[in-house]
Amino acid sequence: MKKKAIILLITIGFITLMSALILVSVSIFERSFSNVQNLEDRNRFNVLFSDIVAILNKKVKDIKSSEDLDNFLGVYPPFSDSKSNLYVSIEIEPKVNRININNLYYKHKPDFIIKAFLERLFLRYDVADGDLLYRLFLDTIDNDESERGAQTEIVLKDFDFRNGKIENKKHLDKILDYYVSLTGDKSVKNIPWDRLIFFGPRDKKYILDCDRMPMELVEVLFGERMNITCQDIKKMGISAFNYSPFKKGVDYPVTCRVSFLFGEKEQKVEFDYDIKTHKVSNIERYF
């Protein structure tokens, strides 16, 4: 009887061990399959992304005037392929119809034209301590860790924070959150930053496309919301910024947003593309 009980225990133990091994094997297989699937998705995404860039390279050759640029910009009608179950949507918008915030620290010194723009902006949106936010921006855009004011070097408080330029909206939000933590002033969250600024290279000046400026920017620069063109600005004799209509041959970066839908799986990519140089930069993928 004891012998049968021992055999039964051994059998149960063996089955339990085999079950555990099978579960581990299934888990490993599922992870491997998932990794293969992810690799296939990424490879397919990379091919499609390369195709999109090739199409842009071809399409921008036809842009010779401001009217051609208008035809290039905007939301494209989505297209699909029933065989591959693929759905693609594309949106292209200009960047240089706004202010490059990183030019605030240009060629190793503050740019007082952009400082004046920020002062007008802070006044319009009732920012309590505009000088502090201005110094936070400067201390982020420069490369050193010397504080321009009390607690204005975020990198000294946050190990993950980066100096050298304001990289993107997430980076800007970190600065704004830090400002709010110091002052309690949440007015900076009401500013439509994406309609006013973009995050370009620190020491590169672009035109300010005055034919396509958002109404929010026009309001800050000219005191009221109104339709305005480069010709209007020329008549006013205003030259504070590098106001200019689009011309063939100028550096003109745009933001491209592409969404790929494979069945029920969606993948997105946002990137900058320069119409003149065909250069792709600042790629951000969302899987």
Side-chain angles (χ1 to χ4, degrees), residues 56-75 91-121 124 137 141 165-169 172 191-257 270-282:
L56 290 175
N57 290 342
K58 185 176 180 180
K59 195 168 179 62
V60 296
K61 291 179 181 178
D62 298 326
I63 301 176
K64 299 175 182 177
S65 66
S66 185
E67 291 75 19
D68 293 334
L69 179 61
D70 282 334
N71 293 331
F72 175 74
L73 299 171
V75 179
E91 178 184 357
I92 303 175
E93 67 175 27
K95 293 178 74 71
V96 296
N97 60 342
R98 291 157 287 157
I99 307 294
N100 178 6
I101 188 62
N102 289 308
N103 282 159
L104 179 61
Y105 191 68
Y106 181 72
K107 303 290 185 182
H108 307 293
K109 61 182 180 180
D111 185 297
F112 291 101
I113 292 175
I114 297 184
K115 181 186 179 185
F117 159 72
L118 289 175
E119 288 171 348
R120 293 174 69 101
L121 175 63
R124 179 159 291 274
F137 283 165
I141 298 169
K165 65 178 288 194
I166 302 176
E167 299 280 349
N168 49 38
K169 184 59 166 57
L172 173 65
I191 298 175
W193 294 100
D194 60 332
R195 305 283 291 167
L196 301 167
I197 65 170
F198 73 100
F199 311 99
R202 186 180 64 187
D203 291 331
K204 183 173 179 59
K205 295 269 189 176
Y206 294 96
I207 67 167
L208 176 51
D209 186 349
C210 35
D211 284 331
R212 296 177 177 82
M213 291 188 296
M215 202 62 71
E216 294 86 348
L217 179 58
V218 172
E219 183 178 25
V220 174
L221 292 175
F222 299 96
E224 59 180 307
R225 294 195 177 208
M226 57 183 176
N227 292 319
I228 196 165
T229 66
C230 293
Q231 193 156 358
D232 296 328
I233 292 173
K234 187 176 181 181
K235 287 178 182 177
M236 295 178 198
I238 300 171
S239 58
F241 289 98
N242 189 19
Y243 292 113
S244 174
F246 169 81
K247 296 175 184 176
K248 184 176 173 60
V250 300
D251 284 316
Y252 199 97
V254 297
T255 297
C256 302
R257 298 183 185 90
E270 181 175 316
F271 60 95
D272 292 343
Y273 178 88
D274 194 298
I275 289 175
K276 177 185 175 182
T277 64
H278 299 188
K279 182 181 176 182
V280 174
S281 59
N282 301 325

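- Expressed to the nearest 0.5 Å, how far OH of Y106 lies from NE2 of H108 amounts to 10.5 Å.
- Atom-to-atom distance recorded for I275:CD1 and I63:CD1 is 4.0 Å, nearest 0.5 angstrom.
- Between Y273 and H278, the angle of the ring planes stays under 30°, which puts this pair in the parallel group of the 30/60° scheme.
- Here the side chain of R225 pairs no donor or acceptor atom with the backbone of E219 at under 3.5 angstrom.
- In this structure the side chain of I207 never reaches within 4.5 angstrom of the side chain of K247, judged on heavy atoms.
- Evaluation of the side-chain contact (heavy atoms from CB on, under 4.5 Å) rule for K248 yields K64 as partners, not counting sequence neighbours.
- The distance from the CD1 atom of I141 to the CD1 atom of I101 is 5.5 Å, given to the nearest 0.5 Å.
- When all heavy atoms of C230 and D211 are compared, the closest pair comes out as N-OD1, 2.9 Å.
- Environment of CD in Q231: sparse, with no more than 12 heavy atoms of neighbouring residues, nucleotides or ligands closer than 6.0 Å.
- Contact check for Y105 versus I166: no side-chain heavy atoms found under the 4.5 Å cut-off.
- For the atom pair CZ (R98) and OH (Y206), the distance works out to 12.5 Å, reported to the nearest 0.5 Å.
- Partners of F246 by ring pair (Phe, Tyr, Trp, His ring centres under 6.0 Å), not counting sequence neighbours, listed by chain and number: Y252.
- Of all heavy-atom pairs spanning C256 and L56, the tightest one is SG-CD1, 4.0 Å.
- Looking at K169 and L172, their side chains come closer than 4.5 Å, going by heavy atoms from C-beta outward.
- Side-chain contact check for V75 versus E93: every heavy-atom pair is 4.5 Å or farther apart.
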For this session: Determine, step by step, whether F198 and N102 satisfy the side-chain contact (heavy atoms from CB on, under 4.5 Å) criterion, reporting the C-alpha distance in whole Å, the side-chain angles of both residues, the deciding distance to 0.1 Å, and the verdict.
Result: CA-CA 8 Å; F198 73 100; N102 289 308; over 6 Å; no
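- In this structure, the side chains of I197 and F117 come closer than 4.5 Å at one or more pairs of heavy atoms.
- Closest approach of N103 and D203 over heavy atoms only: ND2-N, 4.5 Å.
- Here E167 pairs with nothing under the salt bridge (Lys or Arg N to Asp or Glu O under 4.0 Å) rule; sequence neighbours left out.
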For this session: Any chance you could lay out the salt bridge (charged side-chain N to carboxylate O under 4.0 Å, His left out) test for K279 and D272, step after step, and finish with the verdict?
Result: CA-CA 8 Å; K279 182 181 176 182; D272 292 343; over 6 Å; no
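- Summarising the geometry, atom CD1 belonging to I191 is positioned 7.5 Å from atom CG belonging to L196; distances are rounded to the nearest 0.5 Å.
- Contact between P214 and N97 at its shortest, heavy atoms only, is CD-O, 3.3 Å.
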For this session: Walk me through it: do K95 and N282 pass the test side-chain contact (heavy atoms from CB on, under 4.5 Å)?
Result: CA-CA 13 Å; K95 293 178 74 71; N282 301 325; 5.5 Å; no
Problem set entry | Worked verdict on D68 versus D62 for side-chain contact (heavy atoms from CB on, under 4.5 Å) | CA-CA 7 Å; D68 293 334; D62 298 326; over 6 Å; no
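- Taking 4.5 Å as the limit, some side-chain heavy atom of V218 sits within range of a side-chain heavy atom of M226.
- When the options L118, I99, I113 are evaluated for a side chain to side chain contact (heavy atoms under 4.5 Å, CB included) with L104, the one that passes is L118.
- When all heavy atoms are compared, the tightest approach of P192 to E216 is CG-CG, 4.0 Å.
- To the nearest 0.5 angstrom, L217 atom CG is 10.5 Å from C210 atom SG.
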For this session: List the steps and the verdict of side-chain contact (heavy atoms from CB on, under 4.5 Å) for Y243 and M236.
Result: CA-CA 12 Å; Y243 292 113; M236 295 178 198; over 6 Å; no
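- In this structure, K59 forms no cation-pi arrangement with F72, as its terminal cationic atom is not both closer than 6.0 Å to the ring centre and no more than 45° off the ring axis.
- Contact between N100 and P201 at its shortest, heavy atoms only, is ND2-O, 2.9 Å.
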